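Residue numbers run from 1 in the order of the sequence given. Here the structure is a predicted model, which is why all the values come from computation and not from measurement. Values reported hereafter were calculated over all heavy atoms of this structure, with side chains retained and with hydrogens, waters and symmetry mates removed.
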Amino acid sequence: MAQALDLKAFIVRARVLKLYRHALRIARRAPPHSRDDLRLTMRLEMDKNRYCDDRQKIRFLVSEGLQRLKVLDEMLDMQGHEYMHIYIVATCKG
């Protein structure tokens, strides 16, 4: 049976999952020849910190992930790839 999460852990988990879903959406905009590598890199980054339970570190990692996605999103825009703007709610940063 899965361990019950307290409210703060539940919220942090939701933010991490939101970040991952957002990353996958942005990866769809990448050129076809690099999508699989990009998804794999994103998955490996998530797996690398999968068992981290330090909330401060998780908040830092989410914040860093959002910054990296913002840069990737802007880069894809400059390259002229189809644009589907996904806004990140400021509260996601924690």
Pairwise distance CG(Leu69) to CD1(Ile26) - rounded to 0.5 angstrom:
4.5 Å
Check side-chain contact (heavy atoms from CB on, under 4.5 Å) between Ser34 and all other residues, then give those that pass, not counting sequence neighbours.
Ala30, Pro31
Hydrophobic clusters here meaning ILVMFWY residues chained together by side-chain heavy-atom distances under 4.5 Å, can you tell me if Leu17 and Val12 are in one?
no
Report yes if some heavy atom in the side chain of Val62 is under 4.5 Å from a heavy atom in the side chain of Arg59; otherwise report no.
no
Quick check: do Met46 and Val16 have side-chain heavy atoms less than 4.5 Å from each other?
yes
Check whether Thr41 reaches the backbone of Asp37 with its side chain - one donor and one acceptor, N or O, closer than 3.5 Å.
yes
Linked, directly or transitively: Tyr20 and Ile11 (ILVMFWY side chains, under 4.5 Å)
no
Side chain to side chain, Lys48 and Leu61, heavy atoms closer than 4.5 Å
no
The criterion is side-chain contact (heavy atoms from CB on, under 4.5 Å); which residues satisfy it with Ala14, sequence neighbours excluded?
none
State yes or no: do Leu66 and Phe60 share one hydrophobic cluster built from I, L, V, M, F, W and Y residues joined by side-chain heavy-atom distances below 4.5 Å, directly or via other members?
no
Who passes side-chain contact (heavy atoms from CB on, under 4.5 Å) against Glu74, sequence neighbours left out?
Lys70
Set of side-chain hydrogen bond (donor to acceptor under 3.5 Å, both in side chains) partners for Arg43, sequence neighbours left out:
Asp47
Arg28 side, atom CZ; Leu38 side, atom CG - distance, nearest 0.5 Å:
12.5 Å
Contacts of type side-chain contact (heavy atoms from CB on, under 4.5 Å), residue Leu40, not counting sequence neighbours
Leu44
Side chains of Arg29 and Asp77: closer than 4.5 Å at any heavy-atom pair?
yes
Could you check if a side-chain atom of Glu45 sits within less than 4.5 angstrom of a side-chain atom of Met42, using non-hydrogen atoms only?
no
Listed by chain and number, what are the salt bridge (charged side-chain N to carboxylate O under 4.0 Å, His left out) partners of Arg55, not counting sequence neighbours?
Asp6
